[in-house]
Amino acid sequence: MYLSDLIINDKERIAFSDLFLPEKDRAQLNDLLKEFSYAEQLLRYELPVNNKVLLYGSSGCGKTATAKAIANALGKPLIVLNLSTVINAKIGETAQNLRMVFDHAAKMKAVLLLDEFDQISKGRSIDDKDVGEMRRIVNTLIQLLDRLTADTLLICATNHRDFIDHALLRRFQLQLSYTLPSSAVLDGYYDQLLSKYPENISSVERRYELSFAEVKDLTLTAVKRNLICLLEAGQEDHQINKVPETV
């Protein structure tokens, strides 16, 4: 297995300021960013930098976006584990693949994102089908987390925190929970999404009790529908209202 088969180099840039986060969570992540900024000074006092983060909770509520924004804020490359290729039926192959990815992240001083982390970190008594192999993988992960270099940041994301082995859970210095956003938060997100489009195609029905990912898909689909309707009515691109300029 080649390293290129095991990772996804995600280059999407998301500004940390664009994240929709509770103030408490934003403050904790700001502290994390500051630790990396002053890592050299902290290490002089033998103060370890927190570099293991667990993001857990509802799907589509910003876990992956948070990882991208953190990587962008730190000016580090983001390496995403390709779970479909890392997991291998051959005994010992999955652990070997994980070591290869962690070694590469350390060389790159990168942010390493392990999405769907519960798939490779289940409690060693949960998976009865192949408990021996799962134990090997979890033991390997414990070793890799313990050996993680100070200039590498590991971010693990999961929808199922309860499935993760307790010995792994306690190694994360920062754990943040993600839930469905409130109506007020979603209104802010709608405003952000729609601000880049002309006024006469940005009128959409606002729906709530949804994730950010669901709102984005619904909103962009509605904007496209509005634009196509205008184009089919014979309006040219230049006749469609421009985005209002901010003063």
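All residue numbers refer to positions in the sequence shown, counting from 1.
Qualifying salt bridge (Lys or Arg N to Asp or Glu O under 4.0 Å) partners for E46, counting only residues two or more places apart in sequence or in other chains: none. Scored by the side chain to side chain donor-acceptor pair (under 3.5 Å) test, D191 finds R206 as partners (sequence neighbours excluded).
Between the side chain of Q175 and the main chain of L169, a donor-acceptor pair closer than 3.5 Å is present.
Across S59 and S211, no two heavy atoms sit closer than the pair O-CB, 3.5 Å. Nearest heavy atom pair, residue L210 against residue R207, reads CD1-CB, 3.8 Å. Across all non-hydrogen atoms, the minimal contact from I120 to V138 is O-CG2, 4.3 Å. The shortest heavy-atom contact between F36 and L153 is CZ-CB, 3.8 Å.
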Per-pair distances, 0.1 Å, donor-acceptor, side chain in residues 18-28, under 3.5 Å, sequence neighbours excluded:
| from | atom 1 | to | atom 2 | distance (Å) |
| --- | --- | --- | --- | --- |
| R26 | NH1 | F16 | O | 3.3 |
| R26 | NH2 | L19 | O | 2.3 |

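In this structure, the side chains of K63 and N159 come closer than 4.5 Å at one or more pairs of heavy atoms. Counting heavy atoms from C-beta outward, T149 and N51 have side chains that stay 4.5 Å or more apart. Side-chain atoms of V86 and N97, non-hydrogen and from C-beta on, do get closer than 4.5 Å to each other. Counting only heavy atoms from C-beta outward, the side chains of T66 and I155 never approach each other to under 4.5 Å.
The CG atom of D165 sits 12.5 Å away from atom NZ of K122, with the distance rounded to the nearest 0.5 Å. In this structure, Y190 OH and L218 CG are separated by 6.5 Å, a value rounded to the nearest 0.5 Å.
Within 6.0 Å of the CZ atom in R44, the count of heavy atoms belonging to other residues, nucleotides or ligands exceeds 12. Atom OH of Y38 has 12 or fewer neighbouring heavy atoms from other residues, nucleotides or ligands inside a 6.0 Å radius.
Of the residues V111, L54, L114, the one that meets the side chain to side chain contact (heavy atoms under 4.5 Å, CB included) test with L154 is L114.
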